[in-house]
Every structure is written in C-alpha cells, then in structure tokens.
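Lettering follows sequence order; numbering is per chain, from 1.
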Amino acid sequence: MSKLGPISGFPEWLPAQRMAEQYLLQKIQRTFELFGFAPIETRAIEPLSVLLSKGDDKEIYVIKRLHEDADAPDEKWGLHFDLTVPFARYVQEFRHQLHFPFKRYQIQKVWRGERKQEGRYREFYQCDIDVVGQGHLSVSYDAEMPILLHQVLAQLPIPAVKIKLNNRKLLEGFYRGLGIENFTQVLRIIDKLAKIGADRVVGLLISELHLSDENAQKCLLLGQIKSDDLSFIAEVEQLGVQHPLMIEGLAELTQVMRACDVLPPGSIEVDLSIARGLDYYTGSVYEGVMLGHEHIGAVCSGGRYDNLIASDHKQQGFPGIGVSIGITRILGYLLGRNLLQMSRSTPVAVMIILPDEAARTEAQRVAFRLRERGISTDIYHQPQNFGKQMQSAQKRGIPYVWFMGDVPQVKNLHTGIQQPASIDTWQPEACYEKLTITLTRS
RNA sequence: GUGGGCGUAGCUCAGUCGGUAGAGCUCUGGAUUGUGAUUCCAGCGGUCGUGGGUUCGAGCCCCAUCGUCCACCCCA
C-alpha cells in the first residue's frame, strides 16, 4: 500500500455523483435504442497493431502480464483509446453475421495517456454510435447523427449544446482547387481559428506551410464561414474556387443542413473551421460544445469514415459514420464546479424508523413487502431518538420515513406531511420516487 | 514531453517585517428522554505536500522533488 489517494486523470465519484452518471448513461442508452441502434461491447484491449494502424500518435497504455515469460511471443496488447477503432476491427471480424447497414451503440470506458486537465481525463466514458454500410452508406445517415445528438443532449440536465457541422470533402476540394497539397496541415491550423484568432492563423499558414498571402487569405475566409441556414453555399461559391470534391462536399453539407430543419433554431450551425482529428474522417464532421462553457472543448464529436474498415480483397469496403458523447468530460466539469444538485446520495426512497431492537423483525417484514413492490427501502441501523433517525435520512436525501405501529404512518421529509399508510398500497409520489438532478445557474 | 501559477484542518481559504497555527463550512456531542431542517454551546481535526539548505528562530527566504491547475500538443 505505497500509493494511496487519487491517481491523476482516473476519476472516482461519490455515490450521489455516480448516480448522476448512471442517470445520464441510462438516458443516453435509451435514446440510442429509440433510434434503432443495437448494443455491443468490445473487449478493453486490442492488439497494438490494430490501435496503432489508425491511431496516429495516441498515448496508449500497454498491457503486460506480471509473470510473463521472458521468451513470450511478441504479441502486444494495449487498452483502447476510443471505441471506433475496436468497432472497425469487430465489424471486420463478424461481418458475415451482421446485417448492413449495421447500427450499433457502445458505452464503455476508454484510456488515454494524456496529461490531466479540466475536462480531460485518462480514463473516461465514451457513448458511441456508428452506422456501417456494405459498399455504400447513404448521406441520410450523415443527417441522422446531429439530430440524434440534439435529441439526446437536450433532455439531459446540462447546459444547452450547440452542434457544429462541416465536411472534409468541401475543405479538401477547396484546398486542392487552390493548388495546396498538404491538406491535413492546413486543417490543423484552421481548426485553431476560434482559439487563436484570424491574424495568427494567417501568420501560421504563411510561416509554417509557406502558403502565398492570397491562398492563406482564402483559406481563412473559408474557415470563417458560419451559418445556421443555407447561406453558406453562396458564401463558399463567392470565393471562386472550383474543384469536383468541393462541389461534392458542398452538396452533402447542404443535404445534411436541410434535414436538420426539424431541429429548433440555434441548436446547429455550419462552421467551416471545424476539422476534428486528423486521421480517418473523410466527409461530414461534427463537434458539439456547451454554450457558455466552450473552453472545456467538445462534449461530443464524430464524422464519416469511408476507409477505416478495410475491404475484403475483392469486396467493397465498409463506409461508416458515427459520433461519440464525452459524458465524463461533461459530468466531471459540472460536478467539479458544483453546477449539479442531486436530490439524494442513495437510491433509498423510504427508511423505516427503528424504535427498539424488539421491533427489528417487524421492520424487516415491512421492508420485505415494500421491496417486493419495487420500492427501495432501508431500515435504520440502530434504535435511536426518532429525531436522529430522521435527520440521518434527511441528510442522505431519503424522501420518506416509515413509522411502524397499529396504524403505520409515512412522513414526507420534504413537505413535512405525515399520513397513515399501508404496506400493500403505499407508493412514493412520482416526483420523489427516484433521484432528480437539477442544473444550477448557467 | 515543454513552459508558467499554486500546494496551510475533510472542504473554501486567512496568516502582516522571518518570532510558539487561525476562521468559516463540514463532522461529532449537548441544549432537545422517540418526529428532522432554525438557533445556541462545546468538541474532534494540521509533521503548513515532501526532502534538504540559510537562520538564534522558517508556513513565510533558497534549492530539489512530488502533486495540482493553466498554456502548448492533442482530444470526449
């Protein structure tokens, strides 16, 4: 026991906080299923070769047995750093048993070796959905993603999330139309626009990538385009760049924006500075930020990947699209700033007051019956003043206490109302039955 | 990994020029001998992150180290 206390980047919550986390995870899971996604879980580890093939320079934790033979085979494993790469491997492995287009969700922990900061962890949950097609995948799925994100996030007790939308083909075509080759480098710099501003972006494009003043300006102008309607089309065309890939991207983006008409105003916008990770995205890309809390970065993100899942020699490939919700980032931030109020720190809905030891048998009989009826029930651990017992219940947020007797009574600790109650019919009021979470301020 | 800020009670922090360690909240007990939240009283709780140095004397000054936060990098 040399190392006690927290390990940096590996959060551990108190019961009330974990209940809040489970609450969010359950809401998310239910919405994923509403949209027709099926659950899977992949193992925590993958061969290093799988992780490294698409992972760029991710910080990966390598797994090793303590008593591993010195001459053990070379196969090395690592903890997965996201859920998309393991999913790609999974699809390839089980492709003959899956139905395409395959819609799946996956809610699991992932691990990254990055340095801890607010909103940034080394062990955290990702809530991931993806759709994978065989040979072809309709652009209508590109539109389903932001709609789903909005419907999931809008019902959670968190600040409003704005989803930003872009398309890699549009950007790449535009840059190619200008004769720029190092596409991903330009993306990397344009992506910083919101953070470092227009002047420094242009400066970097010229100094680091040796773009001409004119090209740097055009890249900036493209990156500065934002709109919550279709006006971005004219703005892009006005820049006078021609390229087939750009036209294609523009058309896809338009189709997605049109489909998002069902969303309330202000919940989505086109933002041509959004690039996302530099690795496998090929078309639509998404990123969501909490309004008023943009500094912690994206709380959800994703995009289309047409080449992530390698094709069978003669067969067509498996284009996919997906998004991920960073529930640990959201929750860690809100809890760290005390922006969430949980109504209780235990699932218990009613606690039975224990007058003396002789009453324990009766208390257990009452508890048995209430639990049988699906009511989370606990018995106070020792005989004590009723005041003490009630105070204890109140501190843990338990909404009701139960007084045994010839005519049993139940008291609501929120309202102070005490009434006769029967173990066969009493129900907690709906608003007190389960944990409630409220967002304070913001 | 690189650079900067900060480490004092469980939490938030004060601590003057270097002179024996403080407050609020929390927690425990009592006022209140079976019905809570308010109020009042008392108590518990610190090797001042750690190690070294300067000094008659260090929470305070110096060095190192660890932790943490911020920026870079990258991302949920």
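Per the geometry, OH belonging to A:Tyr280 stands 13 Å off C1' belonging to B:C74, to the nearest Å. Between the C1' atom of B:U33 and the CD atom of A:Gln384 lies a distance of 13 Å, rounded to the nearest Å. Rounding to whole angstrom units, CE of residue A:Met351 and P of B:G34 are separated by 18 Å. In this structure, CG of A:Leu14 is placed 16 Å from P of B:G10, rounded to the nearest angstrom. Rounded to an integer number of Å, the gap from A:Asp191 CG to B:C72 P is 12 Å. For A:Tyr121 and B:A76, the OH to C1' distance is 11 Å, given to the nearest whole Å. Atom CG of A:Leu354 and atom P of B:G36 are 18 Å apart (whole Å). The separation between A:Gln419 atom CD and B:U35 atom C1' is 15 Å, rounded to whole Å.
The C1' atoms of B:G24 and B:C69 are separated by 24 Å, rounded to the nearest whole Å. Separating the C1' atom of B:C66 from that of B:G29 is a span of 39 Å, rounded to the nearest Å. Taking the P atoms as reference points, B:G7 lies 13 Å from B:C62, given to the whole Å. If you take atom C1' in B:U16 and the same atom in B:A58, they sit 16 Å apart, rounded to whole Å. Nucleotides B:U35 and B:G59 are separated by 48 Å at their C1' atoms, to the nearest Å. Nucleotides B:U55 and B:C70 have their C1' atoms positioned 35 Å apart, rounded to a whole Å. To the nearest whole angstrom, the two P atoms, one in B:A76 and one in B:G67, are 26 Å apart. Look at the C1' atom in both B:A42 and B:U32: the space between them is 16 Å, to the nearest Å.
Applying the Watson-Crick and G-U wobble criteria (two distances, each under 3.5 Å), B:C44 pairs with nothing in any strand. Nucleotide B:C61: paired with B:G53 (Watson-Crick or G-U wobble, both distances less than 3.5 Å). Summarising the base pairing, B:A71 is matched to B:U2 through a Watson-Crick or G-U wobble pair whose two defining distances lie under 3.5 Å. Remark: B:G7 base-pairs with B:C66; criterion is Watson-Crick or G-U wobble with both hydrogen-bond distances under 3.5 Å. Applying the Watson-Crick and G-U wobble criteria (two distances, each under 3.5 Å), B:U16 pairs with nothing in any strand.
For A:Gln389 against B:U35, no side-chain N or O and base N or O form a donor-acceptor pair under 3.5 Å. At a cut-off of 3.5 angstrom, the base of B:C75 holds at least one donor-acceptor pair with the side chain of A:Arg329.
When each of B:G30, B:A76, B:C74 is scored by its nearest atom to the side-chain atoms of A:Lys195, the top-ranked nucleotide is B:C74. Taking only side-chain atoms of A:Gln394, from C-beta outward, the nucleotide of B:A37, B:C75, B:C74 with the closest atom is B:A37. Residue A:Phe124 places its side chain closer to B:A76 than to any other of B:C74, B:A76, B:G34. Checking B:G34, B:A76, B:U35 against the side-chain heavy atoms of A:Pro355 singles out B:G34 as nearest. Comparing B:A76, B:C74, B:G36 by their closest approach to the side chain of A:Ser301 singles out B:A76.
Taking for each of A:Lys388 and A:Phe403 the nucleotide of RNA chain B with the nearest heavy atom, the 5'-most of the two is the partner of A:Lys388.
A:Phe87 carries A:Arg104 over the face of its six-membered ring, with the cationic atom under 6.0 Å from the centre and within 45° of the normal.
Salt-bridge formation is detected for the pair A:Glu181/A:Arg176: a Lys NZ or Arg NE/NH1/NH2 atom is positioned less than 4.0 Å from an Asp or Glu carboxylate oxygen.
Taking 4.5 Å as the limit, some side-chain heavy atom of A:Tyr305 sits within range of a side-chain heavy atom of A:Thr84.
Inspection of the A:Gln185 and A:Arg188 side chains reveals an N or O donor paired with an N or O acceptor under 3.5 Å. Between A:Tyr333 and A:His293, the side chains place a donor N or O and an acceptor N or O closer than 3.5 Å (distance only, hydrogens not considered).
As judged by a 4.0 angstrom heavy-atom cut-off over every strand, A:Gly297 is placed among residues making no nucleic acid contact.
Residue A:Arg120 places no side-chain N or O under 4.0 Å from the OP1 or OP2 atom of B:C70. Taking side-chain N and O atoms only, A:Lys192 has no distance below 4.0 Å to OP1 or OP2 of B:C72. One finds no side-chain N or O of A:Lys395 lying less than 4.0 angstrom from the OP1 or OP2 phosphate oxygen of B:U26.
Centroid-to-centroid, the aromatic rings of A:Phe100 and A:Phe318 come within less than 6.0 Å.
Between A:Tyr121 and A:Trp13, the ring planes lie perpendicular to each other; the angle is over 60°, past the 30° to 60° tilted range.
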